[in-house]
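Worksheet: the structure to be examined is printed underneath.
Here the structure is a predicted model, which means the values were calculated and not measured. One-based numbering along the sequence shown.
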Amino acid sequence: MTTGQAAASEPGARALFDKFGTYILPGRVSDPRRGIDEAREAERIGLGCVWISERYALKEPAVLSGAVAEATSKIRIAGTMYATMRHPLVTASVADMMQAMSGERFRMMFARAVPAYMKMMGAPAITMERLADLISICRRLWAGEAVSYEGILGKFPAIKLTDRHGGTPPPIIFTAIGPKSLEFAGQHCDGVLLHPFVSAQGVKNSAKIVRDAAEKAGRDPMSVRIYHNIIVAPDLPKDEEEAVVGGRAITYFELPNFGDMIIDINGWDKKVLEQIRAHPKIAVLNGKPADQAYTREELVDVSKVIPQQWLDEGAAVGTAAQCADQLIAFLDAGADEILLHGSSPNAMGPLTAELKRALAAKGL
């Protein structure tokens, strides 16, 4: 038996690979090459997927996905793209080529950026109507169709993937928070990624909305996978934990609509949002996203107004063993797969060992 086979047969190892992944290059980036080492490490410690967000210009998902595909052999690769930033033919082509290059390990994820951010760049807002049309166009192109389209995305008289992979098309995942976006995912997508700080109860509430919408659309409700993006801070010094969890939480809660939808799905008190948004560091931004103006460390003082309950229920904090048990609770609530966020794969070895223990204890 090889070392790899022995690791795969370890109790809990298969479930870890199937149910847990991680972001590479979390936050702002100065050296994108670090992402290759992080992807290799994620695969080595038994995680099953690396997720790549989009941040211009040193975190470009098409380039990074290709590099990760070449550097790894089995780990899945989820690349996030803003739907209105590329021509539909380019988007479809990137995903199709990634399937070919990776041995069908790629997942396409569409995110809804903060409207103010898209406006700042002069890009069209990412609306449900635009997303629905883009998803339809991509699937038709992957199926080998020549597409003629005129609509909200523009006018494309004749677009086609002249040379295409022809194998299994990549699953399409959508990031969602509120009821309308969750319903959209159930109607149109293969999976939905829930937002950080959605609690276990929020996962239950979200999964019901997604699967009810899928059923109403005539789809198999269980065919739409529920992915959950959870901030993890295992065994961190207090100051680093406060930045990873509290500082990052502020970048979500301060956003108009985004923060409100997290609170609504969890059933938390909205008055706290008013205190966050009234803080001088946030109020001075006039709608500009906080993560474009401050580092997480610079937002720790703002995070002091967040109730401890929110951090306890919405993240996984403490020892590696405590984090693992907290993460299992999200699986029990209805998440099919968990995206570990906030810590580098290089620091996750003890956490993955504890996750295998917890998963094996549940017979997984």
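Distance check: Lys362 NZ to Asp332 CG gives 4.0 Å after rounding to the nearest 0.5 Å.
A heavy-atom distance below 4.5 Å is not found between the side chains of Gln326 and Val232. Between Leu327 and His228, the closest side-chain pair of non-hydrogen atoms is not below 4.5 Å. Side chains of Met101 and Phe106 form no contact here, defined as non-hydrogen atoms less than 4.5 Å apart. You'll find the side chain of Ser303 stays beyond 4.5 Å of the side chain of Glu242, heavy atoms only. Annotation: side chain of Leu359 is in contact with side chain of Ile328 (closest heavy-atom distance under 4.5 Å). Inter-residue side-chain proximity for Thr251 and Pro289 is flagged as unmet; no heavy-atom pair is nearer than 4.5 Å.
Under a 4.5 Å side-chain heavy-atom criterion applied to ILVMFWY residues, the cluster that includes Met109 comprises Tyr23, Trp51, Ile173, Leu193, Tyr227, Leu339 as well. Apart from Val63 itself, the hydrophobic cluster it occupies contains nothing, where clustering links Ile, Leu, Val, Met, Phe, Trp and Tyr at side-chain heavy-atom distances under 4.5 Å.
A salt bridge does not link Arg34 with Asp37: every distance from a Lys NZ or Arg NE/NH1/NH2 to an Asp or Glu carboxylate oxygen is 4.0 Å or more. For Glu43 and Arg40, the salt-bridge test fails: no basic side-chain N is under 4.0 Å from an acidic carboxylate O. Between Asp336 and Arg211 a salt bridge is recorded (basic side-chain N to carboxylate O distance below 4.0 Å). No salt bridge links Glu274 with Lys271; every basic N to acidic carboxylate O contact stays at or beyond 4.0 Å. No salt bridge links Arg248 with Asp291; every basic N to acidic carboxylate O contact stays at or beyond 4.0 Å.
Applying the salt bridge (charged side-chain N to carboxylate O under 4.0 Å, His left out) rule to Glu129 yields no partners; only residues at least two apart in sequence or on another chain are considered. Listed by chain and number, the residues in a salt bridge (charged side-chain N to carboxylate O under 4.0 Å, His left out) with Glu354 are Arg357 (sequence neighbours excluded). Listed by chain and residue number, nothing satisfies the side-chain contact (heavy atoms from CB on, under 4.5 Å) test with Pro256 (two or more places apart in sequence, or in another chain).
Checked by atom type and distance alone, the side chain of Ser199 never pairs as donor or acceptor with a backbone atom of Gly314 at under 3.5 Å.
More than 12 heavy-atom neighbours from other residues, nucleotides or ligands sit within 6.0 angstrom of CE on Met261.
Among residue pairs with one or both ends in residues 97-115, those qualifying as side-chain hydrogen bond (donor to acceptor under 3.5 Å, both in side chains) are Thr72-Arg105, Glu104-His165, Glu104-Thr168, Arg107-Glu337; sequence neighbours excluded.
Centroid-to-centroid, the aromatic rings of His195 and Tyr252 come within less than 6.0 Å.
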